[in-house]
Visitor: 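Starting off with a structure, shown below.
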Amino acid sequence: MRRIFVIAFRNIFAHTRRSAILGAAIAFVTFFLVSSFAASSALQDSMVDSATTLASGHVNVGGFYKASIGVAQPQIVDYAKVEAVVKAASPHIRYIQRRSRGKFDRVTSEKTSLMNAVAGIDFKQDQQLRNRLVILEGSFDALEQPGTALVFKRQADELGVKVGDSITVSGLTARGVQNRMDAKVAAIAKDMGGLSQIMTFLPEKSVNELYEFRAENTGVLMIFLDDKEHSLEVAAVVRKALADAGYDMMEPEARPFWQKYQTVEREDWTGQKLDVSTWRDEMGDLAKTVDALDGVSVLLTLVLLSIIAIGLWNTLMMAVRERTPEIGALRAIGMSRGKVRLMFVAEAGFLALMASFAGAVLAGIMVAILNAVEIGVSDPILQFILMSDHLSFRIDPARVLNAILLISVFASIAALWPAHRAAKIQPGTAMSHTG
Amino acid sequence: MGNGAGDAVVVLEAVTKDYPLGKTTVHAVRGVDIRLERGEFAVLAGPSGSGKTTVLNLIGCVDVATSGKVIIAGRDTKLLKESERTRLRLETLGFIFQSFNLIPVLDLYQNVEFPLLLRKDIDKAERKRRVLELVERVGLTGQMKQRPGELSGGQRQRVAIARALVTRPAIVLADEPTANLDSATGQSILELMRQMNRDGTTFLFSTHDPVVMAAARRVIRIADGKIADQGFGANPSAGAAAAHAH
């Protein structure tokens, strides 16, 4: 069997021009696939990073409290009890961060006003925020004082404020009262993609005052895990644990919490309902966009692979014709049809494996160069989509391996028919035809 | 040995082979009877289109007769499945082709060894022993690592002979083995095969080369798909083992 593989392998190098053309085409497809995967992996990273810093844990326990049918507040009543149930639910939970959730409300400066999502943070305790945010002006410590605010660079520029300047934040309470609060800008942070353009952070106590939230309530329990890949699994476990503990639960829905307001307000229940979501749910359509980009990449790759499969098929059929006497001789000396078939499939498989590996290496080199150059993105819409202010790529070894395997298997499948034709060659074709 | 073959390696009884050609049928072989004893050095001779390659294909289990019996080493080839015929070729027959048909990407040693690798009953040490012995006998020990493309025509045919003999077949079928060689090289190849024949291997050639015919002990002449003559050739020294049998 080993010698058959040796023949298949050496045949690749025995027909250098043919192999080089096919190999280059396969390498190009791999290059394209790995590069696009690298872009989407980086986009996913940015999205997770941005989401889990600004708006979400890997898993979230949020929900709504309705004092009357038409008015919903993003509140967990008596969060300490809920937190106790959550903590015991899964060993994957690393820590839980509490935040107050406001609505989309107006943030006003002397220059202009913006509609932003307002969140209340315990700046002293919020490790995620402290670890991930880059403060350009001011400090985290200053944010521990009530009546302060953290804004992001682009917002600061739009509002025309610096550290020490005042902004006014409006908030609609459950009673329908429009409250206003002055806050001093205590820190300006570096932008973190699209989400940071629509978020303003205030100390938790200030948000509670603005919206008239009670101190024993909170907006969301953000759960951080040992690995974000466990998000779905932990969300299911937490949902069940809370239901078992007697809490009314909302149906799982892949939308950010602020998109659920209208639905919840229309529903005819009052009291508390908890909602368990993952970071992907909170990213809503952006997560779907990344999936769609991956889908388009795979689709385009399949189209390119189909073209290559036709080329491979054609080339191998030519090889079968050229090597008919050789194959006939092999059949005559006792090589089975199965082994002839295997020889051709292996030849295509080896070529694809080597070429796709080369393509992946080239993509890796290109990604390294592009990451080193750090190409900036100034367009806000593009920043919003990319969740970053520069282009970034990340090679995920598992996805590269999948790409190489996918292409090699595809090439081997494309070789099946020519291999079958080769296996059908009669041993008599090795004989002269003069008699 | 069954099927009435006695001590014969090859028995053809009233064999016919027809090929359809459009709406007509070509009768390539018409009622051929041949019997080859162990150790013979025989030639199938005839002009182009006479049917000698068809007969060689039938004996080589490469093709199946339309009617009649083809018995190789006691086995009726018509009763065998495709996989069984492949196995019979591997274990009982050796092939030498006009165009050598070596595997271009393998070196000399690997080409000779290849048929043994297709068998599961021969271990590595035995394979090596047989290959080295045969390569030495065909006089190519110094070219062991060379590929077919680096060898002359005569050397390639020697490799083909070694490959054909390495499985120790009951019969070696040689299809125009000297046709692509100059006369001096052809002579040396013939001499080599005669040496092998003296050790008891049966050889059957398909040829219309008078030199090969002269070297054979028995010349089976075919014309229009029929046996014209099964008489012995001019070289009584050829086919020593067969002479003993007769």
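So you know, we letter chains A, B, ... as the sequences are listed, proteins then strands, and number each from 1.
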Visitor: Is chain A contacted by the side chain of Leu106(B), its backbone, both, or neither, given a heavy-atom distance below 4.5 Å?
Guide: both
Visitor: Which atoms of Leu102(B) are under 4.5 Å from chain A, going by heavy atoms: the side chain, the backbone, both sets, or neither?
Guide: backbone
Visitor: Tell me, with the steps shown, if Glu347(A) and Arg323(A) meet salt bridge (Lys or Arg N to Asp or Glu O under 4.0 Å).
Guide: CA-CA 14 Å; Glu347(A) 191 174 324; Arg323(A) 286 161 60 188; 3.2 Å; yes
Visitor: Within a 6.0 Å radius of atom NZ on Lys78(B), are there more than 12 heavy atoms belonging to other residues, nucleotides or ligands?
Guide: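 Check passes, neighbour count above 12.
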Visitor: Do Asn371(A) and Ser392(A) touch side chain to side chain, with heavy atoms closer than 4.5 Å?
Guide: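 Of all side-chain heavy-atom pairs linking Ser392(A) with Asn371(A), at least one is under 4.5 Å.
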Visitor: Give the interface residues of residues 108-119 of chain B toward chain A, defined by a heavy-atom separation under 4.5 Å.
Guide: Gln110(B), Glu113(B), Phe114(B), Pro115(B), Leu117(B), Leu118(B)
Visitor: Before you tell me yes or no, could you show the steps for Arg130(B) and Glu133(B) under salt bridge (Lys or Arg N to Asp or Glu O under 4.0 Å), namely the whole-Å CA-CA distance, both residues' side-chain angles and the distance that decides it to 0.1 Å?
Guide: CA-CA 5 Å; Arg130(B) 285 198 198 182; Glu133(B) 181 197 317; over 6 Å; no
Visitor: So that I can tick it off, tell me whether Asp107(B) and Lys145(B) are bridged by a salt bridge, with the cut-off set at under 4.0 angstrom between side-chain N and carboxylate O.
Guide: yes
Visitor: Does Phe97(B) offer a backbone N or O that forms a donor-acceptor pair with the side chain of Gln157(B) under 3.5 Å?
Guide: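 Side chain of Gln157(B) to backbone of Phe97(B), a donor-acceptor pair under 3.5 Å: yes, one is there.
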Visitor: Can a donor-acceptor pair be found between the side chains of Thr66(B) and Thr16(B) at a distance below 3.5 Å?
Guide: no
Visitor: Look at the side chain of Lys52(B) and the backbone N and O of Gly46(B), then say whether any donor-acceptor pair between them is shorter than 3.5 Å.
Guide: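 Indeed, once roles are kept as given, a pair shorter than 3.5 Å links the two residues.
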Visitor: Keeping to residues at least two apart or across chains, list the side-chain hydrogen bond (donor to acceptor under 3.5 Å, both in side chains) pairs with something in residues 395-411 of chain A.
Guide: Ser40(A)-Arg399(A), Ser41(A)-Arg399(A), Asp294(A)-Arg399(A)
Visitor: With no hydrogens and no angle check, is any side-chain donor or acceptor of Arg10(A) less than 3.5 Å from a backbone partner on Val105(B)?
Guide: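 Yes; at least one donor-acceptor contact below 3.5 Å.
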Visitor: In terms of the angle between their ring planes, are His92(A) and His230(A) parallel, tilted or perpendicular, with boundaries placed at 30° and 60°?
Guide: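 Rings of His92(A) and His230(A): parallel, as their planes differ by under 30°.
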Visitor: Select all residues of residues 27-34 of chain A having any heavy atom within less than 4.5 Å of some heavy atom of chain B, and report them by number, or 'none'.
Guide: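 Contacts with chain B: none.
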Visitor: Are any side-chain N or O atoms of Arg89(B) and backbone N or O atoms of Arg331(A), one a donor and one an acceptor, separated by less than 3.5 Å?
Guide: yes
Visitor: Could you please state which residues from residues 351-365 of chain A sit under 4.5 angstrom from chain B, measuring non-hydrogen atom to non-hydrogen atom, sorted by number, or 'none'?
Guide: none
Visitor: Using side-chain heavy atoms (C-beta onward) and a distance below 4.5 Å, is Cys61(B) in contact with Thr77(B)?
Guide: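 Yes, at least one pair of side-chain atoms sits under 4.5 Å.
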Visitor: So which residue, Glu82(B), Arg87(B), Glu91(B), Arg163(B), ends up with the most heavy-atom pairs under 4.5 Å with chain A?
Guide: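 Looking at each option in turn, the highest pair count goes to Glu82(B).
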Visitor: Under a 4.5 Å heavy-atom cutoff, which of Asp63(B), Leu44(B), Thr86(B), Thr207(B) has the most pairs with chain A?
Guide: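 Max contact count across the listed options: Thr86(B).
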Visitor: Looking at Val320(A), is its backbone amide N or carbonyl O close enough to the side chain of Thr324(A) to form a donor-acceptor pair, meaning the two atoms are under 3.5 Å apart?
Guide: yes
Visitor: For Phe13(A), does its backbone N or O pair with a side-chain atom of Thr16(A) as donor and acceptor, under 3.5 Å?
Guide: no
Visitor: Between Ile4(A), Ile7(A), Val6(A), Asn11(A), who has the most heavy-atom pairs with chain B when the cutoff is under 4.5 Å?
Guide: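 The answer is Ile7(A).
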